[in-house]
Amino acid sequence: MAEVSVVGYPRIGADRELKKVTEQYFKGAVSAEELTKAAAELRKAHWRVQADKGVRYIPSNDFSFYDNLLDMALTLDAVPTRYRELGLPPLDVYFAMARGYQKGGRDVKALPMKKWFNTNYHYMVPEIEEGTRLRLANTKVLDEYAEAKALGIETRPVVPGPLTFLKLSRLPAGKGLGDYQEEIAQAYVDLISRLAAKGVAMLQLDEPILVTDLSSFEIGIFTAIYSRLLAERSGMKILLQTYFGDVHDSFDAIAKLDFDAVGLDFVEGRDNLRLLKETGFPDGRLLFAGVVNGRNIWRNDYRKTLELLDEIRRVVETPPVIGTSCSLLFAPYSVRYEKGMDESYRRHLAFAEEKLDELRELAGLFDLSDRSRDERFARNQALLHEKSESQSFSFKEVRQRVAALTERDFVRTPSFEERYRLQKNELRLPLFPTTTIGSFPQTGDVRKLRKSLHDGEISEQEYVERIRSKIRDLIKLQEEIGLDVLVHGEYERSDMVEYFGENLPGFLFTQNGWVQSYGTRCVRPPIIFGDVKRAKPFTVAWITYAQSLTKRPVKGMLTGPITILNWSFPREDLPLREIAYQIALAIRDEVLDLEKAGIRVIQIDEPALREKLPLRKANWKKDYLDWAVRAFRLVHSGVKPETQIHTHMCYSEFADIIKEIEEMDADVISIEAARSDLTMLNVLRENNYSHQVGPGVYDIHSPRVPPEKEIRDTLVRMKERLDVGKIWVNPDCGLKTRSMEETVPSLKNLVEAARSMR
Ligand code: GLN
Ligand code: ZN
């Protein structure tokens, strides 16, 4: 039978055990020993389930306490001096790099965090300091292999490859990839020889960077490093694993190198098949064919997949290994936990565990000469047919509304400058207006409140009253702190996308469909099962209540269509553009209702705008930005000129899409800048960015309280580069993950800094 491989497995735990115990550790409630023990239990469970379900190539070292690239930074000794100097045990140095450290008079910021390719997972950006010498510095990869081995499970260690590591790291000024080529190759050679000595049969090196645009210089570095690794592989097999797209500019280089196995993604990298056909695949080499989508949750279409595998089979000598397109990190654990979900929906879903079943079934079917008679095949095809026939999730009026859109629906009038004047008059804000991004700390009591409502322990009415009392306290607090544009705090929202999905028919929800977003943070993406519409207003009552308590403007907070789309599991039977327009129309209705209810400032968050940007630049506009920008414009084009539209973006590079961001035509944008040393400011200036902007003045992903002077210095730098009348003062992102103890002093410092600037 064909063999089965998994690129990586989720690690947070089916019940988010890792998140919980790690957070306990942060609080000092469990010891390092208890933490490591809990982690080992999870690894064991994950290996076991894969072994039980017949996976032949099981990954190890896909586990991480926070992030795999951060793990690799430690493995390669890329630990900046400021963390080393803390003199902490290794695990705490690691967490200091991940989260910053502020204790006993010491104060170090976290490493920056960025989105992992076009996913909603965030990695920590390794920093290679001047003077750092990359070398093999710890045994994590070996230890986890040995741990599995002791359980009787043979695994394949998975390690970020050297090119991806270097390309995603921050190098010292003036240094380039070439400067590290030798030493990183040596470090990997050392790792390889240690693994080979342990009897490891195969090592997987993940090089997703190969699906992005690379220069011939970079491909040269790739070739040089890998020639060396392959020459010194000591009998161990090396699997070069790519995912998230095709490898068209490095395919020749890959083919020329003597890899034992190559992993290609045939779900997102359809061109890989063409490359295989045109260039061929060296005899004797093993192809790991990524055919089961690691990033979406729909059942695999066996007919299509088997046809694809047949095509692949014709051009490769050895039968391909049947695998996931990428790590299953991006999929929830199992539909088994979805007890509350109607079976008619549930049977269409495949989470990580179910994907293991699919892999095994596909492997079984692949070898059959007459598959159509097979019961597994018939069952699968009947299921898919049932979905395409189903009318229950199709709303004719939505389809018609989208079809009837004209150019005018995408344009807001008058121009920004004109609106700027009108809004100035309307809102009468001081220079350096202060605001926040929307959410305030979601303390235990708030989460409990939502749970009690959900479990029927309190009535809807009581819930509303208790949330309102939180809003009252928050409005008062913001007035005391002296903020200019207030927010209601988003207490009623568990998550900015989940909450919107819950209020828009067409979305489906899971009870336990958690996926890791960064570190210990998980989200439960909704599933876009059918056409999307808005049944009735759902944010208006909360926001107008908050506005009724104060004379200062309260910002209405909405999630934008692109973020909703990008943070959901989308249906696969409609173009993404069409789904985006459907959602945009639903949010547009909410915007207009907020305006009608007297809300003068409305923020439409698009933190995820960049996330699904095609990885190849040539495809950016036509495949994505053209319709993404239009979807956003559709949301707000109907408001009066006096209504001020804000948007918010975070945790990505925005430099290269700044023109498109401006084309979204929001009046104000708050944007992440604190973690990236305000390079954003230069970008805004160089591009003559003309709208109002609030570059975040402090990093909310860290528990650190920014001193007033630090914020003031930041504002001074902003003033030097931007039009002083267009600068807003705000944190980097929402405050929901912070505590009140950190938030209040931070915001006081922020207000104080703005005042001293005035
Ligand atoms: N308004 C949201 C909040 O404050 C924005 C969150 C985000 O950008 N991820 O929580
Ligand atoms: Zn944000």
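Values in this document were obtained by computation on a predicted structure and should not be read as measured data. Atoms within each ligand, like the ligands themselves, are counted from 1 in listed order.
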Just distances here: any N/O of Cys650 and N/O of ligand 1 closer than 3.5 Å?
no

Is it true that Glu23 and Lys27 make a salt bridge, defined as a side-chain N closer than 4.0 Å to a carboxylate O?
no

Under 4.0 Å from a heavy atom of Gly438: which atoms of ligand 1 are those, numbered in the order shown and with their elements?
4 (O)

Can you name the atoms of ligand 1, numbered from 1 with element, that are less than 4.0 Å from a heavy atom of Ser439?
3 (C), 4 (O), 10 (O)

Is it true that Thr550 and Glu479 share a donor-acceptor pair across their side chains at a distance under 3.5 Å?
yes

Purely on distance, is any nitrogen or oxygen of Gln603 under 3.5 Å from one on ligand 1?
no

Which residue owns the protein heavy atom closest to atom 6 (C) of ligand 1, what's the atom, and how far is it?
Met496 SD, 3.4 Å

Within the 4.0 Å heavy-atom shell around Gly734, which atoms of ligand 1 are there?
3 (C), 4 (O), 10 (O)

Ignoring angles and geometry beyond distance, decide whether Asp605 reaches within less than 3.5 Å of ligand 1 through its nitrogen or oxygen atoms.
yes

Can you list the atoms of ligand 1 that are under 4.0 Å from a heavy atom of Pro607?
7 (C), 8 (O), 9 (N)

For ligand 1, the portion of His648 having any non-hydrogen atom under 4.0 Å away:
side chain

Give the numbers and elements of all ligand 1 atoms closer than 4.0 Å to a heavy atom of Met557.
1 (N)

So, taking the atom named NZ in Lys726 and the one named CZ in Phe416, what distance separates them when rounded to the nearest 0.5 Å?
4.5 Å

Give a yes or no on whether a salt bridge exists between Arg466 and Glu462, defined as a side-chain N under 4.0 angstrom from a carboxylate O.
yes

Do Ser494 and Glu498 have a side chain donor and acceptor closer than 3.5 Å?
yes

In terms of relative ring orientation, are Phe538 and Phe500 parallel, tilted or perpendicular, with 30° and 60° separating the classes?
perpendicular

When you check the gap from the basic side-chain N to the acidic O, do Arg704 and Asp699 get nearer than 4.0 Å?
no

